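Values in this document were obtained by computation on a predicted structure and should not be read as measured data.
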Number of protein chains: 2
Amino acid sequence: MAKLQKSIDKRNALVKATIELVNNNGFHATPMSKIAKMANVSPATIYLYFENKQDLVNQTYIDVKAEYTNYAFADFDPNMPIEEGFEMIWKRIADFKLNECEHAMFLAQCDNTPMIDEESRQEGIKHLQPLLDLWERGKKEGVIKPLSDYILYAYAINPLSFLMMTQKRGSFTLDKAHLEEAYQSAWSSIKTCL
Amino acid sequence: MAKLQKSIDKRNALVKATIELVNNNGFHATPMSKIAKMANVSPATIYLYFENKQDLVNQTYIDVKAEYTNYAFADFDPNMPIEEGFEMIWKRIADFKLNECEHAMFLAQCDNTPMIDEESRQEGIKHLQPLLDLWERGKKEGVIKPLSDYILYAYAINPLSFLMMTQKRGSFTLDKAHLEEAYQSAWSSIKTCL
DNA sequence: ATAGCAAAAATGAACGTTCATTCTTTTTTT
DNA sequence: AAAAAAAGAATGAACGTTCATTTTTGCTAT
């Protein structure tokens with residue numbers, strides 16, 4: 001057990017180092033040797049935990065994506081009223097993107113470059129299902145506009161990625177009031193006008 | 001003159017090859033030798049036109065960004081009514097992102113990775129001023145919500161990047177009707193409710 | 001017009017470095 | 001003491017960049 005524990009710690013340290021180095025330098029400008037050094041491990045040890053560099057980054061992606069959606073849906077209950085459920089999910093996602101900034105940036109980089117294998121990308125998408133189900137229900141109840149899920153996501157959720165990125169670049173800071181404004185914009189872009 | 005022309009052609013070929021290869025492989029997985037080959041040029045020739053690889057990608061970014069904003073503002077006149085001006089710009093941007101998909105994808109990759117120097121990034125942002133001016137005027141006239149430019153951009157423009165990317169990945173296609181829906185979502189997220 | 005030439009542009013091969021990965025040995029665990 | 005885990009050094013390939021040469025260009029004198 002101490003054995004296994006130690007292994008998991010080492011794996012986590014490797015994943016953590018990957019996120020930090022890839023964020024700052026990009027995937028291909030991040031040598032395995034640096035990842036090893038940051039994780040206090042020999043380069044050769046990485047290959048006990050991961051097949052190769054591609055596998056390391058794929059697994060890191062899936063890990064972070066799972067953490068992201070777990071965080072997003074933590075307090076969510078599929079039986080909630082639509083608007084309440086959406087607000088809860090939206091605000092958890094906002095929390096994640098603005099507080100777990102490193103992780104959110106890593107995902108943004110993965111989602112906008114060819115660095116992740118298609119298979120792992122698909123794997124990562126699955127976790128979003130509860131939100132899509134909520135929208136489905138919302139459309140049936142006439143509370144959510146009858147738009148494609150992609151358009152709903154583009155307007156309701158994706159803007160947070162952009163705001164996270166500009167905040168990270170230091171161009172501006174998103175305070176509590178901004179966040180409420182942003183939520184209102186998100187909701188008003190997908191709710192049906194009554 | 002024939003001389004200079006030839007040089008410009010070669011530079012353009014190099015920029016074009018850079019865009020295509022970086023889109024498919026990412027910056028650091030794109031060797032200078034491949035860029036040279038695609039542009040029908042010797043690797044050494046690249047260094048007659050660009051200082052080094054970083055300079056090549058920086059200049060490519062600025063080129064594409066300028067093309068993007070020129071396209072966006074081509075028919076725009078700063079004296080137009082707010083809504084008309086916004087619709088015109090929005091639809092031109094949509095056109096660009098969906099038709100000049102390769103170029104839009106390249107920008108997305110640059111904007112979500114550390115591959116571009118901060119200086120070139122700043123250079124690229126300047127070109128967006130006419131849209132910010134329009135929003136400024138819109139806020140004064142009470143037509144546009146009094147939100148930070150970043151939030152306005154996040155909801156009005158940035159969703160198009162996401163839709164472009166999902167379309168490129170083949171997950172779904174944005175037809176004429178979708179586009180009109182998307183425009184309505186964009187406008188309704190930034191206009192003041194009357 | 002054109003032959004000849006200096007400068008500019010372009011080239012392919014070569015250099016030195018860096019990287020992902022593997023191999024052999026050592027350390028730790030059971 | 002056997003097995004598993006970890007280490008550091010070694011390997012071979014690939015890369016960005018430069019170098020020595022060749023080719024092309026634009027001009028001048030005829």
Asker: Please list all pairs meeting ring pair (Phe, Tyr, Trp, His ring centres under 6.0 Å) that have one or both residues in residues 25-48 of chain A, counting only residues at least two apart or in different chains.
Answerer: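 Sorted result for residues 25-48 of chain A: empty, none.
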Asker: Can you tell me how far the CD1 atom of A:Ile93 sits from the CE atom of A:Met164, to the nearest 0.5 Å?
Answerer: 12.0 Å
Asker: Write down the distance between NZ (B:Lys10) and C1' (C:dA9), rounded to a whole number of angstrom.
Answerer: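 Rounded to whole Å, this separation is 7 Å.
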Asker: Grab the NZ-P distance between A:Lys37 and D:dA7 for me, whole Å please.
Answerer: 13 Å
Asker: From CG of A:Leu48 over to C1' of C:dT27, roughly how many Å is that when rounded to an integer?
Answerer: 13 Å
Asker: Are the side chains of B:Cys101 and B:Lys168 in touch, meaning some heavy atoms are under 4.5 Å apart?
Answerer: yes
Asker: Could you check how far CD1 of A:Ile35 sits from P of C:dT21, rounded to whole Å?
Answerer: 10 Å
Asker: Would you find a donor on one side and an acceptor on the other, under 3.5 Å apart, between the side chain of B:Asn23 and the backbone of B:Phe106?
Answerer: yes
Asker: One character per nucleotide, please: for nucleotides 10-23 of chain D, 5' to 3', B when the base has a protein heavy atom closer than 4.0 Å, S when only the sugar-phosphate does, - otherwise.
Answerer: -----SSBBB----
Asker: Have B:Trp187 and B:Glu87 got a donor and an acceptor in their side chains that come within less than 3.5 Å?
Answerer: no
Asker: So if I apply the ring pair (Phe, Tyr, Trp, His ring centres under 6.0 Å) rule between B:Tyr68 and each of B:Phe96, B:Tyr61, B:Phe73, which one comes out positive?
Answerer: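 That would be B:Phe96; it is the only one of B:Phe96, B:Tyr61, B:Phe73 passing the ring pair (Phe, Tyr, Trp, His ring centres under 6.0 Å) with B:Tyr68.
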Asker: It should be established whether A:Thr45 places a side-chain nitrogen or oxygen under 4.0 Å from OP1 or OP2 of nucleotide D:dA7.
Answerer: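 The answer is yes; a side-chain N or O of A:Thr45 sits under 4.0 Å from OP1 or OP2.
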Asker: In this structure, how many angstroms lie between the C1' atom of C:dA9 and the CD1 atom of B:Ile8, rounded?
Answerer: 15 Å
Asker: In this structure, how many angstroms lie between the C1' atom of C:dT21 and the CG atom of A:Leu14, rounded?
Answerer: 15 Å
